[in-house]
Amino acid sequence: MKLYRKLKVFIALCVLTVHADFPCAPRQYNESVVCVCNATYCDTVSRVVPERGTYIMYTSSKTGKRFSKSFGPMQQKTCMNENHEMVLEIHPDKKYQTIEGFGGSVTDSAGINWKSLSPAAQKHLINSYCSEDGLEYSMIRVPNSSTDFSTRSYAYNEYPVNDTKLTNFTLAPEDILYKVPMIQACMKAAKVDVDVITATWAPPSWMLVKEQISGLRYLNEDYHQAYADYQCKFAELYNQQGIKIWGLSAANEPLLPFIYELKQEAQIWSTKKMAKFFKNNLGPTIRNCSVKDIRIMAADDQRFTLPTLFDDISKIDGVLDYIDGVAVHFYYDETTHPAILARLSKKHPDKFILSTEACAGYLPTDKLKVDLGSWKRAKTYIKDILENLNYNLVGWIDWNMCLDMKGGPSWVKNYVDSPIIVDAQNQEFLKQPTFYAMGHFSKFVPRNSRRIRALKLIPEQDSDLEL
Ligand SMILES: *[C@@H]1O[C@H](CO)[C@@H](O)[C@H](O)[C@H]1NC(C)=O
Ligand SMILES: *[C@@H]1O[C@H](CO)[C@@H](O)[C@H](O)[C@H]1NC(C)=O
Ligand SMILES: *[C@@H]1O[C@H](CO)[C@@H](O)[C@H](O)[C@H]1NC(C)=O
Ligand SMILES: *[C@@H]1O[C@H](CO)[C@@H](O)[C@H](O)[C@H]1NC(C)=O
Ligand SMILES: *[C@@H]1O[C@H](CO)[C@@H](O)[C@H](O)[C@H]1NC(C)=O
Ligand SMILES: *[C@@H]1O[C@H](CO)[C@@H](O)[C@H](O)[C@H]1NC(C)=O
């Protein structure tokens, strides 16, 4: 809980531009409210520059405040707010990581839900995330081919088989109809450059060999180069659509199938093969891709996989030359101490660490996949993002930007929650507490912010979290 207070001050110190905001149109659920948007109405939030010597505090609360602004004087040593008192000692000279950004993912499902709204409501949804009246997202993750959040399974260049030259590589209807337009709309609404990152879930079937006993699928080593070319090709085709790929990983969650024996939408890699792939194929190919400056990220799996997916791989001579950063996911973070991240950045200060996937409602024990108004889930987001920032991460990217009332569509029925739930039938969308949790970071910690040292001098009692 103590961390949350720091955030308040961080936000208060932010340099903020004025116009009247449209307030949340609340709808009460069990725990807290969702803010309802439709074709004619949606809440907004602007950043205001506080007068010299004053602060502006933005508060979201369980009782229903959403980016509610309050104003007050700065004091020399103390920072007062409401009935709490807190004293922070701030060391601006002690600087840590530089922030790259915050954002969400444009999956097929996100694009399909977005397109299920009228054009006016679609615009409100995009503005809610990407514009200066919204959360000012600056990063987007887009899956290369299908994922569990698609209505079918597909890869590019499935046919002809064994086509190592990728002569038939074209984007899928899902890219053209949903993902590309949604990313383009966000890029247009955003004031900053939106970094787009990608990862492959499943390559074309002909690139895989099936292990007889387990039924698990490995990438055929004969096709390592074709697979690397596939990544470059995807970046080139998106580039033709005006979307420049900022970074990519070798594969999404490569260790997942070991844990769950997933047979679809996943591929498995031994550490050795993956290291070879980085060194001999992906690295040289991406460095030589016509789309320049694509950052290559290792891991792209849960925090607990880092020893296998980064430490082991990086021991192979020459591999580190081709790794710019490390991507981690949020699931089961509580199983591994975040100090593992600090150790990584200490040993490899030139490699950034980025959180590339997160969502609520993913646990088998989560009875409600979509839990409207859940404040608990907002707190989970906040706690994880703060922890990641305190351990040197340069950004945090959420999973599906919007899902339907069930938490899909998902062709494998892997329903989960999202900060925006689209109710196509009623032509409205609901902004969950997690949406505002994301915004307290994405809006107020812009790209190139630096984390500085701050110590809390007067502790206070835990109280119900206000953001
Ligand atoms: C929360 O509210 C929904 C509908 O508003 C209801 O179906 C659900 O049972 C409630 N859950 C709890 C835990 O009260
Ligand atoms: C849209 O939302 C506004 C504000 O909540 C409401 O007044 C209006 O009736 C809604 N429009 C429709 C068509 O539901
Ligand atoms: C190229 O791919 C499309 C599907 O994207 C497929 O219908 C077509 O048969 C493929 N062409 C060849 C020559 O395999
Ligand atoms: C494709 O390559 C595999 C070996 O990787 C081979 O068994 C198969 O016969 C080939 N298929 C065609 C149509 O060439
Ligand atoms: C997309 O996936 C294909 C095959 O799985 C891969 O070859 C290609 O490099 C990927 N593109 C990107 C930009 O990740
Ligand atoms: C780099 O790309 C060019 C053009 O695509 C190609 O001709 C060349 O062989 C590539 N070089 C390497 C080392 O892959």
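Atoms within a ligand are numbered from 1 in the order they appear, just like the ligands themselves. Any value given below was found using the heavy atoms of this structure, including those in side chains, with hydrogens, waters and symmetry copies removed. Values in this document were obtained by computation on a predicted structure and should not be read as measured data.
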Check your understanding: Is atom CZ of Phe22 surrounded by more than 12 heavy atoms (other residues, nucleotides or ligands) closer than 6.0 Å?
Key ->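 Check fails, neighbour count at 12 or below.
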
**Study point:** Contact check: Asn38 vs ligand 2, nitrogen or oxygen atoms, below 3.5 angstrom
**Key:**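 Checking ligand 2 against Asn38, an N or O pair does fall under 3.5 Å apart.
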
Review point. Under the criterion side chain to side chain donor-acceptor pair (under 3.5 Å), which of Tyr154, Trp411, Tyr178 is the partner of Asp108?
Key: Tyr154

Review point. For Thr40, is the nearest heavy atom under 4.0 Å from an atom of ligand 2?
Key: yes

With a 6.0 Å cut-off on the ring centroids, do [X] and [Y] count as close?
{"X": "Tyr381", "Y": "Phe441", "answer": "no"}
{"X": "Phe67", "Y": "His440", "answer": "yes"}
{"X": "Trp114", "Y": "Phe429", "answer": "no"}
{"X": "Phe169", "Y": "Phe234", "answer": "no"}

Check your understanding: Can you list the atoms of ligand 2 that are under 4.0 Å from a heavy atom of Ala25?
Key ->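 Ligand 2 atoms under the 4.0 Å threshold to Ala25: 5 (O).
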
Exercise for review: Using disulfide (SG to SG under 2.5 Å) as the criterion, list what pairs up with Cys42, not counting sequence neighbours.
Suggested key: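 Disulfide (SG to SG under 2.5 Å) list for Cys42, sorted by chain: Cys37.
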
Review point. Yes or no on ring pair (Phe, Tyr, Trp, His ring centres under 6.0 Å) for Tyr137 and Phe102, after CA distance, side-chain angles and deciding distance?
Key: CA-CA 6 Å; Tyr137 268 14; Phe102 298 87; 8.4 Å; no

Would you tabulate the polar-atom pairs, meaning N/O of ligand 3 against N/O of the protein, with distances under 3.5 Å, reported to 0.1 Å?
unit_1   : atom_1 : unit_2 : atom_2 : d
ligand 3 : 2 (O)  : Asn168 : ND2    : 2.4
ligand 3 : 11 (N) : Asn168 : ND2    : 2.8
ligand 3 : 14 (O) : Pro160 : N      : 3.2

Check your understanding: Do any heavy atoms of Tyr223 fall under 4.0 Å from ligand 4?
Key -> yes

